[in-house]
2 protein chains.
Amino acid sequence: MSRDARARVRDDTRLKLVWAGTALLTEKSFAGTGIEEVLQAAGVPRGSFYHFFPSKEAFGVAVIDNYGAYFDRKLDRLLQDGALSPLARVARYVEEAARGIERFACTRGCLAGNLSQELGAHSDVFKPRLEAIFAGWERRIADCLREAIGEGALAAAVDPDTAAEMFWYGFEGALMRAKLDRSAEPLRRFGRYFLETLGRPAKPRSRSKRRAREVQP
Amino acid sequence: MSRDARARVRDDTRLKLVWAGTALLTEKSFAGTGIEEVLQAAGVPRGSFYHFFPSKEAFGVAVIDNYGAYFDRKLDRLLQDGALSPLARVARYVEEAARGIERFACTRGCLAGNLSQELGAHSDVFKPRLEAIFAGWERRIADCLREAIGEGALAAAVDPDTAAEMFWYGFEGALMRAKLDRSAEPLRRFGRYFLETLGRPAKPRSRSKRRAREVQP
């Protein structure tokens, strides 16, 4: 094999391990996920793990970074889609998330949420990474809400940063419940409630009025 | 020792194990909590664990039941306190929860939330117990909101059951974040947002108007 071909195989093996870990850690705890299990899920030969990652913690960091980057791309795609009104984009994101968990029989939750719950208070290596992920998610929802305020679809009194923070709290809680109930309905109910309780303008302009209807249940 | 004294020691040892497990499982995952660790935290001699619990899962069930009963008592005490308006009781519960986690440097979360996240989708033994706990918590908040509607402090259009469900989603998400941030402020911000976005009546009666102010930030 040429040097380039070897490098490709190396990158490919590392990526397989990281994606296998990403899938496993949306379902199970970090403590409950064994390296053996990751190797098996990735279909990668034994012994290669420590070639790529000095420790299980270093692997966890790579998985968090991978999940963060994947999710940022997804949020940008859905929340910056100019074809829909800003509030309809939020509603669509929730619906996509609901369908996403249904594809895995609602056994998968949010990796960042799971790891925050399990290790947030204990790991100084994971903590700043998880916080950066949530900050990016909040910023993206806040930008969308700010756009809705600018268009007159939300009352000017709505604080987009606080509302975005609350969006993710509710979303994470609903996701936890979806896992327990093995149903995506908690997520859908949360999405409707969040959008319904956001402050509407007293007298919406006609354009925003029409658009606002798109996200009503 | 008499038969009664022996029974007391036995009950006492079992209780020590259950409470030690309760504290540990608010902080750590079920998979990451070893039986050895529980014994050590309880100050109970090695070997006594399997005398009381046939398996780690059976121990988990006892811990969940203990946590559920403890929390129900706490919620009843705070949410049925007639000295405060119904909405002020909800605000006070959130503040008590915030202080509660501050006492443990925000390292402890919600045991029912943690276990739902970790094992909800995987354990048929834990699932119905966790669902029953959440149903009881939702009922208690819904009762409070129903009382607020009856007093005119909330709009009649508010659906107390849906709002109560959303209260716990947001509460669990905020608690997860509190653990990550090592601060109780996410919980306090959630409590304020939840109460502020509940539908207020268009023209509150004077009594409820006065009372509504109690819970404003």
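By convention in this document, chain letters (A, B, ...) are assigned in the order of the sequence lines, proteins followed by strands, and residues within each chain are numbered from 1.
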Taking only Lys NZ, Arg NE, NH1 and NH2, and the carboxylate oxygens of Asp or Glu, determine whether A:Asp159 and B:Arg192 approach each other closer than 4.0 Å.
no
Residues of residues 31-41 of chain A with any heavy atom under 4.5 Å of a heavy atom in chain B
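Only A:Ala31, A:Gly32 of residues 31-41 of chain A have a heavy atom under 4.5 Å from chain B.
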If the contact rule is any heavy atom under 4.5 Å from chain B, which residues of residues 56-68 of chain A qualify, in numerical order?
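Expected list: none.
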Side chain, backbone, both or neither of A:Phe30 within contact of chain B (heavy atoms, under 4.5 Å)
neither
Identify which part of B:Phe190 has an atom lying under 4.5 Å from any heavy atom of chain A, answering side chain, backbone, both or neither.
both
Non-hydrogen contacts under 4.5 angstrom with chain A: give the residues of residues 92-102 of chain B involved, or none if there are none.
none
Please output the residues of residues 163-174 of chain B in contact with chain A, using a heavy-atom cutoff of under 4.5 Å, in numerical order.
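At a heavy-atom separation under 4.5 Å, chain A is reached by B:Ala163, B:Glu165, B:Met166, B:Tyr169, B:Gly170, B:Glu172, B:Gly173, B:Ala174.
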Please report the closest heavy-atom contact between A:Glu131 and B:Leu180, naming both atoms and the distance.
OE2-O, 3.5 Å
Can you see which heavy atom on B:Met176 is nearest to which on A:Ser116, and at what distance?
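Nearest pair, atom of B:Met176 first, then A:Ser116: CG-CB, 4.0 Å.
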Please walk me through it: do B:Arg182 and A:Asp124 pass salt bridge (Lys or Arg N to Asp or Glu O under 4.0 Å)?
CA-CA 11 Å; B:Arg182 296 173 203 170; A:Asp124 284 319; 3.3 Å; yes
Heavy-atom pairs under 4.5 Å with chain A are the metric here; pick the option from B:Leu175, B:Thr162, B:Leu130, B:Asp181 that has the most.
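Going by pairs under 4.5 Å, I would pick B:Asp181.
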